[in-house]
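In what follows, a structure is listed as structure tokens, so that the remarks can point back to it.
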Amino acid sequence: MAADVMTVVPYQCSTAGPGLRSASSAGFVGRDESAFHRATDPNVFDWLDHVKAAAGCSHPIRLSGEVATVDRATGQLLSAARTEDEPDGEIYKPCGNRRHAVCPSCARTYQRDAYQLLRAGLAGGKGIPASVAGHPAVFVTFTAPSFGTVHTRVVNRHTCGNRRRCGCRAEPCHARRATDPTAQPCEHGQPSVCWARHEESDPRLGQPLCLDCYNYDAQVVWNHSAPELWRRTSEAIRKRLHARARQLGLPPVVQFTASGRARRVPPVKPSFGKVAEMQRRAVVHYHAIVRLDGVDLDPNAVVSPPAPFGVDDLVAAVTHAATVTFTTRPHPARPQGWRIAWGDPAKGFDVRPISADGEITDGKVAGYLAKYATKSTEATGHVSRRLDGEVIDLYANEHGSHPERLIDACWTLGGSRDWQHLRRWAHMLGFGGHFLTKSRRYSTTFRILRNARVVWRRTETGHEYADQTEEERTLIVGLLTYAGSGWRTTGDALLANTAAAMARERHEVAREEFAAVA
């Protein structure tokens, strides 16, 4: 389908639900039986080609209706196609979910797009000039403060070659001498010492030593306020760089708005690419790429910063901004509000320069951030959709596990009129921000990457609109309605996902052989 598509999708109730549910009232069909009937159908290869766009997706979206091709100049109807003439009478569209725990296939596509988007902001390409590779850039990690003692795994010295499968010996979790006052049991009788050397798969990691001592209210409020704290931090970085420009005596740049009005702007501007990661203790922290750009007469141009500016100035600005704090609005449970700040700079704050030949390269940083772009609350042991009053008792318990107490804190604090958003984001343990965001000028967009992939697929398959000039002369109008979510039968899911898995395996083998030859 063309990039410029106008689709009308009216709301329509459907008996189909999420997952592998049937669109009919017959319910589930046996996997073996339905797979056998589909596999022995003479048109099975036509069906596989039809669902190729959504093959591998766990919960494809099914649409029905009509797709018309119209001449842009005259408005004449050139052709019309109805989904009734297609296999199953529907067309399949990938769900596009970024979460790996929900749909591994769509999450993989999202992760690769995120990698290209983040790396283009450091090395150029995808419409970004290659000169950005020479701009000062740093990789920053902002963590949350402590809300109570939790089980941790600390390895002071890594000897492994692969950190993903690290089996190095960890240090004791919380080792204290018997004479240390902090080694005494807490007021609830729970030990405050842990001598265990936790493995990476230990389920105790991230769990509080004492659930009753942990400050759950402060943590969910911090999660909820993290996007605002990041906004204030980015503003502090910008202001610090502007102050440095005035200190160096650099004149401002005169730009003209769309209305022709002149304005004076500072000669430098930072650009960001940021990813949020949910830690095992169920609190978010941020990994960010901060790049320093210059300012040109053209507001959309990406140019190098003035000569006096270097990576040291950027590190100083980021380090200064890490001390930003603010206080939330009052709450009946805490009239003075909560103080929101980043964690201890000596433990949780890290800033490293990015260079093409250094320890931190553009490829490593982009891969590291893209990996976390497809994750959510899975690390905490909690996965659910948005919660409401009918199901909250299934997930919230003030005397339950660590995630259950966090959800209960969200629901309880969200009962106040000014804090109702906490209930909206209770399934995310209070965090309501985006997991991947960027500055407008930092890099390309997901939409541009998706459109480029569509054009490439059309070229490879010989699509009728592979020619860009032909696409510009026509407009595709989709009059489609929602028919359901998920595959019609478990057999269809088995065949489609198997075919997609085999294709991905061949693709990976080809990539490895190509890399070996190169």
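- Distance alone, capped at 3.5 Å, is enough to place a donor-acceptor pair between the D313 side chain and the G310 backbone.
- Using modelled atom types, one side-chain atom of Y442 and one backbone atom of L118 make a donor-acceptor pair closer than 3.5 Å.
- Between N223 and W425, every side-chain heavy-atom pair lies at or beyond the 4.5 Å cut-off.
- In this structure H421 satisfies the side chain to side chain contact (heavy atoms under 4.5 Å, CB included) test together with H224, R424, sequence neighbours excluded.
- Shown here is E508, whose CD atom has more than 12 heavy atoms of other residues, nucleotides or ligands within 6.0 Å.
- A salt bridge is defined here as a Lys NZ or Arg NE, NH1 or NH2 lying under 4.0 Å from an Asp or Glu carboxylate O, and R153 with E200 meets this definition.
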Exercise for review: Could you go through the side chain to side chain contact (heavy atoms under 4.5 Å, CB included) check for V318 and R240 one step at a time?
Suggested key: CA-CA 9 Å; V318 173; R240 188 73 171 186; over 6 Å; no
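- Y92 and H50 have perpendicular rings, their planes meeting at more than 60° on a 0 to 90° scale where under 30° would count as parallel.
- Side-chain contact between L369 and F139 is present, with heavy atoms from C-beta onward closer than 4.5 Å.
- Under the 6.0 Å cut-off for aromatic ring centres, Y372 and F435 do not qualify, their centroids lying 6.0 Å or more apart.
- Partners of W222 under the side chain to side chain donor-acceptor pair (under 3.5 Å) rule, at least two apart in sequence or in another chain, do not exist in this structure.
- Taken to the nearest 0.5 Å, the OG atom of S105 stands 11.5 Å off from the CG atom of N97.
- Residues R98 and L436 fail the side-chain proximity criterion, which asks for heavy atoms closer than 4.5 Å.
- Ring centers of H382 and Y395: under 6.0 Å apart, within the cut-off.
- The nearest pair of heavy atoms linking C57 to P94 is SG-CA, 4.0 Å.
- Two residues are said to be in side-chain contact when any heavy atoms from C-beta on lie closer than 4.5 Å; R291 and V302 meet this criterion.
- Across all non-hydrogen atoms, the minimal contact from A282 to L406 is CB-CD1, 3.2 Å.
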Review point. Given the rule in the side chain to side chain contact (heavy atoms under 4.5 Å, CB included) test, do M278 and S376 qualify, once you have shown the distances and angles that lead to the verdict?
Key: CA-CA 6 Å; M278 183 69 72; S376 186; over 6 Å; no
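- Residues L292 and H135 are not in side-chain contact: their nearest non-hydrogen atoms beyond the backbone lie 4.5 Å or more apart.
- For R450, there are no salt bridge (Lys or Arg N to Asp or Glu O under 4.0 Å) partners at least two apart in sequence or on another chain.
- Side chains of T437 and W230: a donor-acceptor N/O pair is absent below 3.5 angstrom, by distance only.
- Side-chain N or O atoms of T83 include none that pairs as donor or acceptor with a backbone N or O of S64 at under 3.5 Å.
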